[in-house]
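See below for the structure under consideration.
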Protein chains: 2
Amino acid sequence: MSVPHEKPARSWSRRKQARPGEILDAALTVFAEKGFAAARMEDIAARAGVTKGTIYLYFPSKEEVFKSLARKHVGDTLVNAAEQARQYEGSVREFLTILLTVVGNKIQHGEVAVLPKIIIAESGNFPELARFWRTEVIDKALGMLTGVIAKGIERGEVRQVPAEYVARLCVAPVVMSIIWRTVIAPTDAVPFDYQKFLSLHLDVLLKGLEPEGRKP
Amino acid sequence: MSVPHEKPARSWSRRKQARPGEILDAALTVFAEKGFAAARMEDIAARAGVTKGTIYLYFPSKEEVFKSLARKHVGDTLVNAAEQARQYEGSVREFLTILLTVVGNKIQHGEVAVLPKIIIAESGNFPELARFWRTEVIDKALGMLTGVIAKGIERGEVRQVPAEYVARLCVAPVVMSIIWRTVIAPTDAVPFDYQKFLSLHLDVLLKGLEPEGRKP
DNA sequence: CTTTAATAACTGACCAGTCAGTTATCAAGT
DNA sequence: ACTTGATAACTGACTGGTCAGTTATTAAAG
């Protein structure tokens with residue numbers, strides 16, 4: 001037999017700038033699917049269009065790839081939003097409507113929705129990482145929401161309730177939606193409209209938080 | 001130096017009946033902590049007070065240990081409750097109060113709270129298992145709640161809302177609590193009272209679901 | 001003494017990390 | 001332009017350690 005076809009394949013090109021990002025994007029997918037331990041460096045490499053050795057030109061170890069990945073998406077949408085929210089003066093209803101619409105969109109279409117799953121899965125193996133996320137993302141998000149709700153209480157827009165707990169009530173359906181999309185939806189569950197779910201959530205929540213002597 | 005101390009090693013005893021349960025209990029802890037891939041059979045064995053080989057007398061493989069574990073706790077509290085709930089005739093408020101109290105207790109103290117975390121983490125590696133849980137636990141629980149709420153709507157106790165979505169609103173804070181306990185709480189987050197949280201949830205939810213023309 | 005639960009030493013597969021060699025790219029020299 | 005030599009990005013075969021699963025052996029129990 002003759003050689004079937006000489007592979008021409010300008011095999012690879014140098015792309016020093018782009019590599020780290022591409023590798024992390026690939027890692028996001030593979031870690032989300034397999035978890036840390038079961039993810040093979042060769043899988044990540046293949047998905048990034050390189051070979052295993054290349055990863056080690058940019059990252060010292062598998063663990064460091066994982067940690068870089070988990071840190072990469074911190075401070076993006078959410079944390080900046082927290083700053084803007086601090087001196088927001090509109091109503092609680094308005095604020096949460098905007099917030100949940102944006103978040104709902106990200107859940108339905110965004111790539112980042114898999115990150116919480118990764119953190120949940122590996123919190124046992126990487127306690128420092130879980131703590132990092134708690135302080136950098138969760139505490140900040142809850143702090144922001146607590147502030148908004150507390151302001152709503154002062155203003156008489158919201159009845160007397162413990163604001164820190166209501167903040168968690170706010171995000172619970174968001175967490176639920178993320179898990180649904182990343183864990184349940186792939187098992188061919190009946191279709192689920194996240195936008196509709198979150199807007200119902202907001203409707204019920206705000207009605208449930210109205211003061212007794214309600215405005216006409 | 002002399003040999004420090006001959007390990008007396010009250011060697012072992014035969015306990016055919018008890019072993020499988022003990023092994024699964026050990027596996028629950030180790031899988032919850034490390035995830036499937038990173039959990040070592042020797043860790044599970046040690047925690048169960050046996051050696052690795054013993055596990056293979058009772059289970060054919062690591063995967064089968066994991067699956068047995070995941071199946072073991074299905075049909076316990078929740079699913080039986082679903083049957084009883086079907087012909088429950090009390091109010092929605094009463095029903096949910098009882099349910100969330102029981103569930104809240106399990107979350108705060110129960111061993112089983114780590115299972116959802118395991119399922120979430122390994123859904124990518126064991127799609128069949130994720131589907132099994134979805135059909136056997138999630139669909140049934142949501143079905144039960146949807147039924148209760150639909151009945152509440154008919155009865156005029158609850159305003160006109162899509163019952164399947166409200167069912168998810170019901171459980172979202174439960175999911176949130178489970179994740180909080182198994183993922184966030186170990187990072188020394190500020191103490192969190194699950195009972196209080198869930199009762200606030202119920203309070204806000206029911207108020208949010210009241211019909212417009214409310215009873216005096 | 002026979003049966004069998006349980007052990008502990010062993011094997012083989014798999015994979016993170018390494019490194020000697022290959023190839024794209026660029027710049028200096030003609 | 002058009003070599004050619006230097007540099008560094010990239011490759012892929014290899015290694016060393018780890019761990020799931022096996023098996024020869026030991027000892028509890030009747």
Side-chain angles (χ1 to χ4, degrees), chain A residues 6-27 29-31 33-70 118 122 124-126 129, chain B residues 3 6-31 33-70 118 122 124-126 129:
Chain A
E6 201 61 31
K7 196 157 185 191
R10 255 275 292 305
S11 39
W12 51 272
S13 66
R14 306 168 131 213
R15 323 199 23 255
K16 188 176 180 168
Q17 291 305 316
R19 294 294 188 216
E22 292 171 353
I23 290 167
L24 288 183
D25 286 348
T29 311
V30 178
F31 282 137
E33 197 172 311
K34 313 260 193 182
F36 178 80
R40 288 159 63 246
M41 289 300 263
E42 274 168 323
D43 293 341
I44 297 173
R47 182 172 281 266
V50 295
T51 57
K52 194 168 52 158
T54 303
I55 298 180
Y56 288 93
L57 297 175
Y58 298 101
F59 301 92
S61 67
K62 185 182 183 183
E63 189 165 329
E64 208 48 50
V65 171
F66 181 71
K67 290 180 178 173
S68 302
L69 171 65
I118 299 177
E122 301 301 336
N125 297 110
F126 301 97
L129 201 83
Chain B
V3 173
E6 199 60 30
K7 191 126 176 233
R10 262 264 302 302
S11 39
W12 50 274
S13 64
R14 310 167 130 213
R15 318 197 21 259
K16 189 175 180 174
Q17 291 304 318
R19 294 297 188 212
E22 292 172 353
I23 290 167
L24 288 183
D25 287 348
L28 177 70
T29 310
V30 178
F31 282 138
E33 196 173 314
K34 314 259 196 184
F36 178 80
R40 289 159 61 247
M41 290 298 265
E42 274 167 317
D43 293 341
I44 297 172
R47 183 171 281 265
V50 295
T51 57
K52 192 168 56 157
T54 302
I55 298 180
Y56 288 92
L57 295 176
Y58 298 100
F59 302 93
S61 69
K62 184 182 183 182
E63 190 166 326
E64 207 49 50
V65 172
F66 180 69
K67 290 179 178 174
S68 301
L69 172 63
I118 300 178
E122 302 300 336
N125 298 110
F126 300 96
L129 201 83

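All chains are named by letter (A, B, ...) in the order of the sequence lines, taking the proteins before the strands, and each is independently numbered beginning at 1.
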Checklist entry - In whole angstrom, what separates M41(B)'s CE from dG21(D)'s C1'? => result 8 Å

Checklist entry - Taking atom P of dA24(C) as reference, at what distance in whole Å does atom CZ of R19(A) sit? => result 13 Å

Next on the checklist: Within this structure, what is the CZ-CG distance for the pair F66(B) and L24(B), rounded to the nearest 0.5 Å?
Outcome noted: 12.0 Å

Checklist entry - Taking atom P of dA28(D) as reference, at what distance in whole Å does atom CZ of R15(B) sit? => result 15 Å

Checklist entry - Would you say a side-chain N or O of S11(B) is under 4.0 Å from OP1 or OP2 of dA28(D)? => result yes

Checklist entry - Phosphate oxygens OP1/OP2 of dT11(D): is one of them under 4.0 Å from a side-chain N or O of T51(A)? => result yes

Checklist entry - Counting heavy atoms not belonging to K34(A), are there more than 12 under 6.0 Å from its NZ? => result no

Item to check | Any T54(B) side-chain nitrogen or oxygen under 4.0 Å from OP1 or OP2 of dT7(C) | outcome: yes

Item to check | Atom pair distance, as rounded to whole Å: OH in Y58(A) and P in dT18(C) | outcome: 17 Å

Checklist entry - Would you say R40(A) reaches dC15(C)'s phosphate, i.e. side-chain N/O to OP1/OP2 under 4.0 Å? => result yes

Checklist entry - Distance from F31(B) atom CZ to K62(B) atom NZ, nearest 0.5 Å? => result 6.0 Å

Checklist entry - If you check the L57(B) side chain, which of dG21(D), dA9(D), dA6(C) turns out closest? => result dA6(C)

Next on the checklist: Side chain of R14(A), heavy atoms from C-beta onward: which of dA20(D), dT25(C), dT11(D) has the nearest atom to it?
Outcome noted: dT25(C)

